[in-house]
Amino acid sequence: MLHRRLTQFFILYAAGVGLLLAFKVALGLSDYVIPGPGEIWRTGQTYGAAYAAAVLNTLGVAVLGHGLSIVLAAAVAVIARLKDWIGGFIRTAAFNIQSYPIVAVAPILFILLGDGLATRLLIAALICYFPLLLSFLGVFSEPVREIEHFYEATGRMTWRLQIKIRAFENLQKLTTVVVGSATLAMVGTIVAEFIAATAGIGYSIRIALYQSDLAKILVALLLIGVGTSLWLVLLEGLGAALQRRMERP
Amino acid sequence: MLHRRLTQFFILYAAGVGLLLAFKVALGLSDYVIPGPGEIWRTGQTYGAAYAAAVLNTLGVAVLGHGLSIVLAAAVAVIARLKDWIGGFIRTAAFNIQSYPIVAVAPILFILLGDGLATRLLIAALICYFPLLLSFLGVFSEPVREIEHFYEATGRMTWRLQIKIRAFENLQKLTTVVVGSATLAMVGTIVAEFIAATAGIGYSIRIALYQSDLAKILVALLLIGVGTSLWLVLLEGLGAALQRRMERP
Amino acid sequence: MELEGQDIAYRYPNAAADLFEGLDFRIRGPGFHALFGPSGVGKSTLARLLSGSLAGQRGRLNARGMDRVLYTYNLERLPGWTTLREHFEETASASGRPRLETLLDTFDIRPLADARFPRLSLGQQNRANLVRYLLQEFDLLIMDESLANVDEATRHRILLRIKALFPERCFLYISHNVAEVARFCGDVLVLRGHPKRPPLVVVPGGDQREGAEPDPARLERAMLAIVHAA
Amino acid sequence: MELEGQDIAYRYPNAAADLFEGLDFRIRGPGFHALFGPSGVGKSTLARLLSGSLAGQRGRLNARGMDRVLYTYNLERLPGWTTLREHFEETASASGRPRLETLLDTFDIRPLADARFPRLSLGQQNRANLVRYLLQEFDLLIMDESLANVDEATRHRILLRIKALFPERCFLYISHNVAEVARFCGDVLVLRGHPKRPPLVVVPGGDQREGAEPDPARLERAMLAIVHAA
Amino acid sequence: APREGVEEIHYRLKWLCNVSTVGDLYALEKGHFARAGLRVNVKPGGPERDALKELELGHAQFGVASADQVLRAAAKGAPLVVLAQLFQVNPLQWIYRPDKSPFREPADLRGRTVGVTFGGNDETILRALLARHGIAEGELRLFSVRYDYTPFYEGRVHFWPLYINAQAPIIGERLEKAGEPIAFLDPHRWGVRFVANSVITTREMLRQHPRTVSRFLAALLEAWREALDPANEEAAVQVLLAADRETPEAIVRRQIPVTRRLMVPEPPAAFGRIDEAAWRETEEILRVQGLIERPVDVRSLFAENLP
Ligand SMILES: Nc1ncnc2c1ncn2[C@@H]1O[C@H](COP(=O)(O)OP(=O)(O)OP(=O)(O)O)[C@@H](O)[C@H]1O
Ligand SMILES: Nc1ncnc2c1ncn2[C@@H]1O[C@H](COP(=O)(O)OP(=O)(O)OP(=O)(O)O)[C@@H](O)[C@H]1O
Ligand SMILES: [Mg+2]
Ligand SMILES: [Mg+2]
């Protein structure tokens, strides 16, 4: 699994870089527009170790942010699933806030929360929670009549039970979304670092952009890809194990 | 519906601005950190019309980008749902690309595609397609045995039919996600404008950010919120109509 | 205890015509009664109206001492995350819990008590579902084809035991098995297809009890009456 | 045409013991046969093995002229986006299409032809599902409680019509209704619970045809034999 | 925990750690702050950061901001005090290829495409330059600049803004390697004096802790002076390399002399000198372009009689 994922990623990455280089050769672009393979290689050697450490750093925050956004999305979805005014209000809030670009909201967040880890985590979580929210909302607001009827009829239905039933019946869908949203946590963290950190791979990318150094960016993308692949494989393993446990006969 | 959505949004917005102003008064902050109501009002009068036009401009691109990303997500999900190597490959590709922050990839996109509308649309679509993909993937890869059995048994199953069955059975979930992802298209477009446009509300926000002009940002957020609300209500109406049509007895 | 319907009518939203109208009936408890009629005539609909899980009927429904009406149908599922026993114990009412062990034997699902619902066979699913309803408090339990996928021997044993275990309750049994309905039920409410008048007639059934033998002649008569009415 | 099983055994993954083992049987076509047995004994499992929708059995299955085996069960659903008629017309095989109108009448669903599946009553759903299978090409059709929720009169009419319309095909009918199985089926394969040996016995049924009256004595005998075997 | 008698202070920079912050880093590394009895937390800035807001909110006690930020804030009533002016010459310049788009005087901009960050101070500076030399905006094309240099590399944009001390050595080296001649348009040479980074604190801080302010400022300016002293260049390089692992040593060695030229006034002892005339000019540019709504008395911004 891990092996396959990584192989696939390397093929993909090689194809991407190959395409860029082909462009370079075809249009006769000079090294400052698209760096040559030699420069990419040298940059990798020089910055590889430091960037790998930065990616690990970022991954750490991303894992936290992902957890936070799962909790956040679940909480919001549970309320927003209600058909009444409060539910509509929370839905409106969640949807509208999402349409604000984080860069526009970030200054306000910094004003309100300061610039500790909290703000960075929150930015990462805000970027990652919304797709989770959408799926949770879809799953949590669709009744499973054949199971719920009994609890309704006997007056035993609670909102927690309802959520549990619907989540369980859609376990596979939820696992797909939760695992997939991990990559969003990654990008969320990187963006947060990009805006306001002094560590992590997002910070390195920021500097590389400032220095107009595409070779560095390509090295960073490689390491982000490897890090993400590792994390996804881990999460998928966990998801599959959970599903097996929950669905055992 | 529209009325309620807008009311809810205005309450929300007023609460947000109220909170900021409370902060201002409590800490005795200058107009530079948090603008006073008078300045917000004047800014609204001065820039309101121009910003509203910019929001409309952005909405137009967002609608296109949303459509594009629905098509993209559906296409990727249809392939990625396969259990074989190709499916895994596409999944890896889709997931890994998603973990790249768009700011890091944008320079490469500009090199490859130039900085016309195409690039902007693509960035908007890239930001918005992934949550769609996750949900589509979840829905498309979970069999509906009671319906599919017949087609499997009689050798009539095609991939298109399979998708159709699974999509239809999960119509409500899909509608939720498609409607909800519209706001992501909005934010995607704004980010694209932020990175590389000379029009649209994202561009205006960028200038306001450079000028540290929170009043302008607040006016922009108000108009984005109104625009998004209108669009969401429209989409929800469409979604509900479609669902009624599809599920009529 | 009694549930009386006067001039009951119902039309599905979007439907062009009433599914039924002018229904008059009286379900008297305690007792084990049946609701019978051809497929599609509206039995499930009427049952859901009686239990309140469907609303919108016209006419008057009067309940006297029959307030807790439960409706169960054969497609219901138990949650997949617990074993049957855990589910039963969690959901049983205080008064129902002591009955659990007896019911496990009556329904022949003791060997399945530690299994989870999704892997059960159809008949096993039917039985597990019915057991949990019998652990509840109720005045009237409407069983909509609840034992349709259970073999006859087990089903008959179950019906007789239910009648013995719950002498104070009222049941409305929906089934397509004429012989069974005629043999085990008190009143058989026969819902009739469209042009027939009156739309509902009541035929007395054999109402056989545990240990008693059915009277073949009476049974034959009841069966004929039911088939004739439907 | 013939489907023969020798020493068939099956165990569910994760299960502690074989569900059944040492099954020997022969299903001869053309003909209308039954698979009978108590709930949970493994009828559905065996049917899915025969049709190939479940794999992993031990022993040997030999088909002679019985290659197209279809399995249908009563929980199947039709897609919700078309009317019944559209679905039937879309999915019918070339040879099946001419039978459509006859089947609509036989199954009494002509008035529902323009309705969509989800709003049908249970028995209507059963019938719609079976109709589409009868529009297919097949050598053997296994019907797993496919008419379980249809009223007796309609069901009997349907069974007789099927036998008349498909004299060249083979059917395996799974039902819990002893009387019906004994009356309409040729061979009744009785699958027996665990300790009993042999695990499967074949009892000849009444095999009644359209227009012919059942022979009460023969039927009585068949019923007793089946009940005794199960 | 801070030692007895040591004050904890937050100092927010304008940008990420690079050559423009060498003195700040030097002060930290070489113990200038510590010797002044201060425990300073030097916090790098960033794109969406605003040191002035943090000062007002009390998240920081000192900060670095550009003059346009300061004037904008002052015009809106922010209670700020300018303690020292770091850059004597604004480092913002435009890179161009003299062979393809030669530049002898501002009139040569006519018909060219010039990159600006809309809303950024490069836009303000360019507009001031155009106004000063009587060039109408319609006579050239403005190109919206963001992260990516490709439009300049591809020759679609002729003049591209950058920081001459930090970015030019990097970008320049790359173009030189490709054999392309480069040159820089310096608005300062063409009469636009637009003040860049300064060290700022709040009025309240100055009133309540005047001694802390003067100790901080003295330590900081001393550190800057030493860091930019050619004699200490090796030490400055090492300090920078330790803080900024992303810039190669060779580049850092080229960045420092450029920075020195922009920052060190005559005489060198007056490091941090506040150029009041330049501030006036900056204020006027902002006012003329409508970027501040009311005039600011620049004198009132400057700290007087520090103990
Ligand atoms: N996936 C599974 N894993 C383990 N055991 C299973 C699984 N599916 C079914 N069983 C068990 O296998 C046995 C046979 O099931 P099957 O559905 O074949 O019975 P059946 O004869 O069709 O019963 P019914 O008449 O109630 O439909 C049952 O006891 C059931 O609990
Ligand atoms: N939502 C609906 N809208 C319109 N018609 C409906 C709807 N639900 C059911 N019907 C129709 O109402 C009629 C009665 O349905 P109902 O399920 O009550 O029948 P039933 O007597 O229980 O039949 P069966 O014995 O087959 O279960 C059927 O003809 C069915 O097609
Ligand atoms: Mg029914
Ligand atoms: Mg079965």
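Note that these values count all heavy atoms, side chains included, but never hydrogens, waters or copies made by symmetry. To find a chain, count down the sequence lines: A is the first, B the second, and so on, and within it residues start at 1.
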* **Residue part contacting chain B, namely of A:Phe23, when any heavy atom lies under 4.5 Å** => side chain

* Structure fact -> If you tally heavy-atom pairs under 4.5 Å between each of A:Leu209, A:Leu232, A:Thr189, A:Leu12 and chain B, the highest tally belongs to A:Leu12

* State whether a side-chain donor-acceptor pair under 3.5 Å links A:Tyr51 with A:Ser204. => no

* To do: Answer yes or no: is there a side-chain heavy-atom contact under 4.5 Å between A:Tyr13 and A:Leu218?
  => yes

* Main-chain N/O of A:Met186 paired to A:His66 side chain as donor or acceptor, under 3.5 Å -> no

* Asked: Looking at B:Ser181, B:Gly180, B:Gly225, B:Gly202, which has the largest count of heavy-atom pairs under 4.5 Å with chain A?
  -> B:Gly180

* Just do the side-chain contact (heavy atoms from CB on, under 4.5 Å) check on A:Leu21 and A:Lys24 with the steps written out, would you? => CA-CA 5 Å; A:Leu21 292 178; A:Lys24 175 184 169 72; 4.2 Å; yes

* Counting a contact as any heavy-atom pair under 4.5 Å apart, which residues of residues 124-133 of chain A contact chain B? -> A:Phe130, A:Pro131

* Go through the structure and list residues passing salt bridge (charged side-chain N to carboxylate O under 4.0 Å, His left out) with A:Arg81, not counting sequence neighbours. => none

For residues 134-146 of chain A, tabulate all N or O donor-acceptor pairs below 3.5 Å that involve a side-chain atom, not counting sequence neighbours.
unit_1	atom_1	unit_2	atom_2	d
A:Ser135	OG	B:Ser135	OG	3.1
A:Ser141	OG	A:Leu137	O	2.4
A:Glu146	OE1	C:Arg77	NH2	3.3

* Structure fact -> Highest number of heavy-atom pairs under 4.5 Å with chain A among B:Leu184, B:Ile201, B:Thr175, B:Leu174 belongs to B:Leu184

* Any idea which of B:Leu221, B:Ile224, B:Thr176 has the most non-hydrogen atom pairs under 4.5 angstrom with chain A? -> B:Leu221

* **Within 6.0 angstrom of B:Tyr47 OH, more than 12 heavy atoms from elsewhere** => no

* Partner set under salt bridge (charged side-chain N to carboxylate O under 4.0 Å, His left out) for A:Arg166, not counting sequence neighbours -> A:Glu148

